[in-house]
2 protein chains.
Amino acid sequence: MSMYAHNGRVTTQPTLSPAEADVCCPSLTVSPLSIEDAHDFARILKAVADPTRLRLVSLIAAHEQQEACVCDLTEPVGLGQPTVSHHLKILVDAGVLHREKRGVWSYYSLEAATLNRLSEFLSPG
Amino acid sequence: MSMYAHNGRVTTQPTLSPAEADVCCPSLTVSPLSIEDAHDFARILKAVADPTRLRLVSLIAAHEQQEACVCDLTEPVGLGQPTVSHHLKILVDAGVLHREKRGVWSYYSLEAATLNRLSEFLSPG
DNA sequence: ACAAGGCATCGACAAATGTCAATGTATGCG
DNA sequence: CGCATACATTGACATTTGTCGATGCCTTGT
């Protein structure tokens with residue numbers, strides 16, 4: 001087994017023992033992501049990687065009871081109701097927000113666990 | 001000034017004092033994001049919100065010296081060299097990766113500060 | 001000088017994305 | 001019932017995005 005790569009740098013084998021592999025919470029910077037994990041986190045990140053959706057999340061977080069309905073959000077965001085509903089659906093599908101229907105209103109609130117998972121995923125733990 | 005919104009929920013005024021506003025590091029969950037901050041963070045998040053780019057970052061992080069050249073990455077990622085270069089450029093432009101040219105090779109390494117900034121932005125600080 | 005290898009850039013193209021207007025669904029009120 | 005309100009869904013459209021093949025640039029070795 002060659003210890004030297006084609007370009008002359010020393011190469012060590014990245015054979016991790018099962019104990020070293022992060023079974024619990026995959027992290028960006030500890031070991032190469034599996035294709036599945038990469039897709040999972042990309043899906044969540046994609047949901048958040050939009051200026052409008054970032055503002056929606058922050059508006060909900062700053063709202064009373066940490067929840068808000070669509071009618072609370074359309075005006076501060078400056079977009080139409082269908083567009084806001086569309087963005088909220090993306091965030092709910094990604095597990096970033098939680099939707100609870102009460103009466104005529106849909107109340108959206110944070111799914112803190114998902115944001116925490118993202119935060120720890122990105123931090124060099 | 002009405003204390004009750006149209007839908008009957010109690011509303012308290014979110015008038016933050018300047019001291020409460022996060023001047024240093026904007027966080028998703030403390031106060032409504034400005035449009036500029038939303039765009040800034042969306043740009044960084046967009047760069048990372050792709051399965052291929054997540055794997056590139058994790059491959060670089062797991063590589064010796066925490067750096068890798070394009071030729072180290074094409075095969076594990078399973079994409080052509082131009083495509084990999086394209087993804088790396090996006091990550092560099094977003095400040096997630098750093099590029100250093102040595103000889104014929106371009107060595108890519110992590111820009112830890114940016115990932116930390118992202119992580120803290122998402123965490124409920 | 002020449003050839004080869006590593007990488008960036010360009011042009012093209014299909015697929016995904018953000019937005020809107022129009023419409024549909026369901027809840028509450030007279 | 002009938003109407004208004006809050007929200008979701010649909011269809012359409014322009015823009016962006018991910019990928020590739022072809023090509024160009026630059027460094028190294030002969």
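Not measured: the values here are computed from a predicted model. Below, read A as the first sequence line, B as the second, and so on, with proteins coming before strands; counting in each chain starts at 1.
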Chemist: First locate atom NE2 of B:H63, then atom CG of B:L110, and finally report the distance between them rounded to the nearest 0.5 Å.
Modeler: 12.5 Å

Chemist: In this structure, how many angstroms lie between the C1' atom of C:dC7 and the CD atom of B:E67, rounded?
Modeler: 16 Å

Chemist: Look at the side-chain N and O atoms of B:S106 and state whether any lies under 4.0 Å from the OP1 or OP2 oxygen of C:dG6.
Modeler: no

Chemist: What residues, two or more places apart in sequence or in another chain, satisfy salt bridge (Lys or Arg N to Asp or Glu O under 4.0 Å) together with B:E120?
Modeler: none

Chemist: Sort out for me which residue in B:L56, B:L73, B:V57 forms a side-chain contact (heavy atoms from CB on, under 4.5 Å) with B:H87.
Modeler: B:L56

Chemist: Going 5' to 3' along nucleotides 24-30 of chain C, which nucleotides have protein heavy atoms under 4.0 Å from the base (write B), which only from the sugar-phosphate (write S), and which from neither (write -)?
Modeler: ---SS--

Chemist: By a strict heavy-atom criterion of less than 4.0 Å, which residues belonging to residues 75-83 of chain B are in contact with DNA chain D?
Modeler: B:L79, B:G80, B:P82, B:T83

Chemist: Would you mind telling me which of B:I60, B:L91, B:L59 makes a side-chain contact (heavy atoms from CB on, under 4.5 Å) with B:Y108?
Modeler: B:I60

Chemist: According to the ring pair (Phe, Tyr, Trp, His ring centres under 6.0 Å) rule, which pairs have a member within residues 34-61 of chain B, sequence neighbours left out?
Modeler: B:F41-B:F121

Chemist: Examine C:dA8: is either OP1 or OP2 under 4.0 Å from a nitrogen or oxygen in the side chain of B:R99? Give yes or no.
Modeler: yes

Chemist: Roughly how far, to the nearest 0.5 Å, is the CG atom of B:L97 from the CD1 atom of B:I90?
Modeler: 11.0 Å

Chemist: Hey, is the side chain of A:Y108 poking within less than 4.0 Å of OP1 or OP2 on D:dA6, counting only N and O atoms?
Modeler: no

Chemist: Name every residue in residues 42-50 of chain B that has at least one heavy atom under 4.0 Å from any atom of DNA chain D, in order of residue number, or write none if there are no such residues.
Modeler: B:K46, B:D50

Chemist: To check you understand the geometry: which heavy-atom pair defines the closest contact between B:K101 and B:S106, and what is its length?
Modeler: CD-OG, 4.1 Å

Chemist: Go through the steps for A:V96 and A:L118 under the test side-chain contact (heavy atoms from CB on, under 4.5 Å), then give the verdict.
Modeler: CA-CA 10 Å; A:V96 175; A:L118 258 193; 5.8 Å; no

Chemist: Please name the pair of heavy atoms, one in B:R43 and one in B:D93, separated by the smallest distance, quoted to 0.1 Å.
Modeler: NH2-O, 3.3 Å

Chemist: Give, ordered by number, those residues of residues 84-94 of chain A having at least one heavy-atom distance below 4.0 Å to an atom of DNA chain D; if nothing qualifies, reply none.
Modeler: A:S85, A:K89

Chemist: Calculate, to the nearest 0.5 Å, the distance between atoms NZ and CZ belonging to A:K89 and A:R99 respectively.
Modeler: 6.5 Å

Chemist: Walk me through whether A:S109 and A:H98 qualify under side-chain contact (heavy atoms from CB on, under 4.5 Å).
Modeler: CA-CA 5 Å; A:S109 55; A:H98 172 253; 3.7 Å; yes

Chemist: For C:dC7, does either OP1 or OP2 sit under 4.0 Å from a side-chain N or O belonging to B:Y107?
Modeler: no

Chemist: Check for a donor-acceptor pair, side chain of A:S119 on one end and backbone N or O of B:S119 on the other, with a separation under 3.5 Å.
Modeler: yes

Chemist: Report yes if at least one side-chain N or O of B:T74 is closer than 4.0 Å to OP1 or OP2 of C:dG6; otherwise report no.
Modeler: no

Chemist: Do B:L122 and A:V92 belong to the same hydrophobic cluster, where Ile, Leu, Val, Met, Phe, Trp and Tyr are linked whenever their side-chain heavy atoms lie under 4.5 Å apart, directly or via other members?
Modeler: yes

